[in-house]
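Both counts, for ligands and for their atoms, begin at 1 and track the order of listing.
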Amino acid sequence: MRSIVTGGAGFIGSHLCDQLLDMGTVVCLDNFDPYYDPQVKRKNIEPFMDNPDFELVEGNILDKQLLCELFEDVDYVFHNAAQAGVRISVDNPSKSHTANATGTLNVLEAAVNSGVHKVINASSSSVYGKVSYLPFDEIHPNVPVSPYGASKLIAEHYCRVFNELHDLDTIALRYFTVFGPRMRPDLAINIFTKKALKNETIEIFGDGNKTRDFTFIDNIVDANIRAMKNGIGEYNIGGGERISIRELAEKIVSITDSESEIIYGESVKGDAEHTWSDVSKASRDLGYSPKIGLEEGLKRYVQWYIESTDQ
Ligand SMILES: NC(=O)c1ccc[n+]([C@@H]2O[C@H](COP(=O)([O-])OP(=O)(O)OC[C@H]3O[C@@H](n4cnc5c(N)ncnc54)[C@H](O)[C@@H]3O)[C@@H](O)[C@H]2O)c1
């Protein structure tokens, strides 16, 4: 089996490369975008660089010609390359749109012209946006509140349309805030952990009452592997429980035995009020259920953080 992981040097992509290397050969396509330190991304894939089944291609999903060449002998495309993050999408919506909407369109066009069996698209809970009811099932209205959410929704629509027009198998996995080893440095769990371990003040954007469904990375990888063989369309992939940002910070302070004070600042534009996944559809069609919950995931993350960074 031959797979390509776009954005394969990133947080989620590098975990997928790791798992897929047990199943065959893997091409990692990444442009080492400077949104966060590209050295972090190089470190993510360092363990695979000597593996003869692993190939790194430094390139851009906006290069359609390159995609066509790479997809020629590939079975599965795990499309994770994106401009992730809500805040940057508020400041620079064009960048998010180009990477996430146009980039996904390119991936799909290249996939149609090749022998690709299926495109597994990394989508996001951000496609829901404004809450009509909780938890979100897949038929909850899509009213994104950030350019990021809008761009991920466009990408999903392209996946659906390509499936209908060209009979290309596509699935969009709506990830709910993912955390774990190698997580993106801009995400709250990383920032809170770093501060807590140094007993520094933790600042929460807003009053801390926003809630999130956090998903441990192993659950995300498991869902991707299941999605290779089953499911067409959109699926929630979450942890299935939610917690307020205030409780999250308190949990991290407790796990790290920290003396950090928690303070509250201005809320950030584009941040959804609440997210919470109903994963019944993924459970029924993919056999997915989150194996690692928040508490266990946080402990594993803190342990990894301590072992992998100079305190
Ligand atoms: N981490 C989360 O909580 C989360 C939640 C929902 C959805 N997602 C989605 O999951 C996917 C992976 O997210 P992540 O957290 O691992 O982010 P990440 O930033 O760590 O990984 C994305 C990778 O894509 C690469 N990339 C960006 N633009 C590219 C381009 N034009 N061409 C080639 N490579 C490019 C980046 O260099 C990076 O290595 C994204 O599609 C993101 O939108 C993530």
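- Among protein heavy atoms, atom 44 (C) of ligand 1 sits closest to Ile12 CD1, 3.7 Å.
- Residue Gly10 has at least one N or O atom closer than 3.5 Å to an N or O atom of ligand 1.
- Nearest to atom 31 (N) of ligand 1 by heavy-atom distance, out of Ile45, Thr104, Asn60, is Asn60.
- Nearest protein heavy-atom neighbour of atom 4 (C) of ligand 1: Val178 CG2, 3.9 Å.
- In this view, Ser89 and Ser96, Ser146, Pro147, Tyr148 satisfy the side chain to side chain contact (heavy atoms under 4.5 Å, CB included) rule, not counting sequence neighbours.
- Of the heavy atoms in Lys152, only side-chain atoms (C-beta onward) come closer than 4.0 Å to ligand 1.
- Atom 42 (C) of ligand 1 has its nearest heavy-atom neighbour, among Phe32, Tyr36, Tyr148, Phe78, in Tyr148.
- A donor atom on one side chain and an acceptor atom on the other are found under 3.5 Å apart for Ser151 and Asn100.
- Geometric assessment of Arg42 against the ring of Phe32 yields a positive cation-pi assignment under the 6.0 Å and 45° thresholds.
- Asn80 O, 3.2 Å is the protein heavy atom nearest to atom 40 (C) of ligand 1.
- Residue, atom and distance of the protein heavy atom nearest to atom 15 (O) of ligand 1 are Arg184 NH1, 2.9 Å.
- Residue contacts with ligand 1 leave out Gly85, since none of its heavy atoms falls under 4.0 Å from the ligand.
- One finds a salt bridge joining Arg174 and Glu156 here, because a Lys/Arg side-chain nitrogen approaches an Asp/Glu carboxylate oxygen to under 4.0 Å.
- In the vicinity of Gly7, heavy-atom distances shorter than 4.0 Å reach the ligand 1 atoms 23 (C), 24 (O), 25 (C).
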